[in-house]
Amino acid sequence: MPELPEVEAVRRRIEPFALGRTIVAAHVLRQRIARNGSVGQIEQFVTGRSITCVSRRAKNLLLHFDNAALRIHLRMTGDLLPCPNVRFFPIATRLILEFDKHEGILFTDPRALGRVELLDATGLEALDRSLGTEPLSPQFTPALLTSAARRSRLPAKLFLMNQAAIAGIGNIYAAEILFAARIDPARRMNSLSFACLERLHGAIQEILQAATRIAEVTYAAPGHFDEAAGFQLHVYGRVGERCLRCNRRIRRITQGARSTYHCPGCQH
DNA sequence: AGTCACCTGATT
DNA sequence: AATCAGGTGACT
């Protein structure tokens, strides 16, 4: 599912269901979702505890307890679902957090790349420090983007995906943001003018806000993303098709071993 | 700074 | 059979 907008949508779906609920049982169905040996620790710790807050930092979901939090990272195909009866769960379920009345939360993940980890206050601080600015927060200003850009020689696409700079942007929205800002994904960050960076700042906010609104009311099945609910993808996945703005054919290039889609006509 | 392994399923 | 996939962390 998951870049920032989808993870935020999951958070909003889970919060009203889970807030204040007490976990009466926890079952890790796939050992490798947790670091070696910590499965038992997770099950034991969360059992009997109440969820005091459901938050998000970058693409991480955090279920908070009194002195600790369960960090859930959905990676490529993970999802978190409110479940009316946890005795019936989908094949790809990796973790069950059970409340009373057999209700609970399911962590499903067909590809099993997602990870779960218990963090104390120190661990939470370390996580926070390891991640850059939230792009939809007030701290994310053109000035902040400019100072980060000055220090980076990365191609723009890789800069956007670097979680230590700006946190929460992934492959699809990085491509869409750069199209909206008309920036060539291969351009080095420190070569962009201030006017260009202001455009980029605006595009980051607009694309992520629009996607978040749509993600909240969508069930984004793998491969469909938010497109079905009206999020217009201008470049992602459209190699060979015509640019909706200038009619040139969309290209696919490789950056950091991932596909980047862009329009050679309007991105410079 | 760049590439690959981690997983599984869908598509070519 | 081979390649691709919304992410990351651990390697050269």
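Here the structure is a predicted model, which means the values were calculated and not measured. So you know, we letter chains A, B, ... as the sequences are listed, proteins then strands, and number each from 1. Values below: all heavy atoms of this structure, side chains included; hydrogens, waters and symmetry mates excluded.
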Peer 1: Expressed as a whole number of angstroms, how long is the span from A/E6:CD to C/dG7:C1'?
Peer 2: 13 Å

Peer 1: Under the ring pair (Phe, Tyr, Trp, His ring centres under 6.0 Å) rule, collect the residues that match up with A/F159, sequence neighbours excluded.
Peer 2: none

Peer 1: Can you tell me if A/Q44 has over 12 outside heavy atoms packed within less than 6.0 Å of its CD?
Peer 2: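 Counting neighbours around CD of A/Q44, 12 or fewer heavy atoms of other residues, nucleotides or ligands fall under 6.0 Å, so no.
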
Peer 1: According to side chain to side chain donor-acceptor pair (under 3.5 Å), who are the partners of A/E117, at least two apart in sequence or on a separate chain?
Peer 2: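 For A/E117 the side chain to side chain donor-acceptor pair (under 3.5 Å) partners, ignoring immediate neighbours, are A/R35, A/R71.
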
Peer 1: To the nearest Å, give me how far apart CD1 (A/I33) and C1' (B/dC6) are.
Peer 2: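 Nearest whole value for this atom pair: 15 Å.
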
Peer 1: List in chain and number order the residues that pass side chain to side chain donor-acceptor pair (under 3.5 Å) with A/E15, two or more places apart in sequence or in another chain; answer none if no residue qualifies.
Peer 2: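 A/E15: side chain to side chain donor-acceptor pair (under 3.5 Å) contacts with A/R11.
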
Peer 1: How about A/F231 and A/Y173: are their ring centroids closer than 6.0 Å?
Peer 2: yes

Peer 1: Tell me every residue that passes side chain to side chain donor-acceptor pair (under 3.5 Å) with A/R57, counting only those two or more places apart in sequence or in another chain.
Peer 2: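 With neighbours one apart ignored, the set is A/D128, A/E134.
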
Peer 1: Does any pair with a residue in residues 183-206 of chain A pass salt bridge (charged side-chain N to carboxylate O under 4.0 Å, His left out), and if so which ones, sequence neighbours excluded?
Peer 2: none

Peer 1: Over all strands shown, is A/R94 touching base, sugar-phosphate only, or nothing at heavy-atom distances under 4.0 angstrom?
Peer 2: nothing

Peer 1: Check nucleotides 3-5 of chain C against the protein and report each pair of N or O atoms closer than 3.5 Å, with its distance, or say if there are none.
Peer 2:
residue: C/dA5; atom: OP1; partner: A/S259; partner atom: OG; Å: 2.7
residue: C/dA5; atom: O3'; partner: A/Y236; partner atom: OH; Å: 3.4
residue: C/dA5; atom: N3; partner: A/R111; partner atom: NH1; Å: 3.2

Peer 1: Which residues satisfy the ring pair (Phe, Tyr, Trp, His ring centres under 6.0 Å) test with A/H201, sequence neighbours excluded?
Peer 2: A/F140

Peer 1: Specify the separation, in whole Å, of atom CG of A/L158 and atom P of C/dT8.
Peer 2: 13 Å

Peer 1: CZ of A/R75 versus P of B/dC4: gap in Å, rounded?
Peer 2: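 Rounded to the whole Å, the gap is 18 Å.
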
Peer 1: Report yes if at least one side-chain N or O of A/H73 is closer than 4.0 Å to OP1 or OP2 of C/dT8; otherwise report no.
Peer 2: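 For C/dT8, OP1 or OP2 has a side-chain N or O of A/H73 closer than 4.0 Å.
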
Peer 1: Whole Å only: how far is the NZ atom of A/K59 from the P atom of C/dG7?
Peer 2: 4 Å

Peer 1: Give the rounded distance in Å between these two atoms: CD of A/Q255 and P of B/dT3.
Peer 2: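 To the nearest whole Å, that distance equals 11 Å.
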
Peer 1: Sequence neighbours excluded, which residues qualify as ring pair (Phe, Tyr, Trp, His ring centres under 6.0 Å) partners of A/H234?
Peer 2: A/F179

Peer 1: Can you give me the dot-bracket string for DNA chain C, 5' to 3', counting Watson-Crick and G-U wobble pairs with both distances under 3.5 Å, using [ ] for crossing pairs and | for partners on another strand?
Peer 2: |||||.||||||

Peer 1: Using side chain to side chain contact (heavy atoms under 4.5 Å, CB included) as the criterion, list what pairs up with A/S147, not counting sequence neighbours.
Peer 2: A/R150, A/R151

Peer 1: Rest of the hydrophobic cluster containing A/L113 (Ile/Leu/Val/Met/Phe/Trp/Tyr, side-chain heavy atoms under 4.5 Å)?
Peer 2: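 Its cluster mates, by chain and number, are A/M76.
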
Peer 1: To the nearest angstrom, how far is A/D109 atom CG from B/dT8 atom P?
Peer 2: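 From A/D109 CG to B/dT8 P: 10 Å.
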
Peer 1: Is any side-chain N or O of A/Q163 closer than 4.0 Å to OP1 or OP2 of C/dG7?
Peer 2: no

Peer 1: Nearest-Å distance, CZ (A/F159) to P (B/dG2)?
Peer 2: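 That distance rounds to 15 Å.
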
Peer 1: Could you list, one pair per line, each protein nitrogen or oxygen that sits under 3.5 Å from a nitrogen or oxygen of nucleotides 9-12 of chain B, together with the distance?
Peer 2:
none

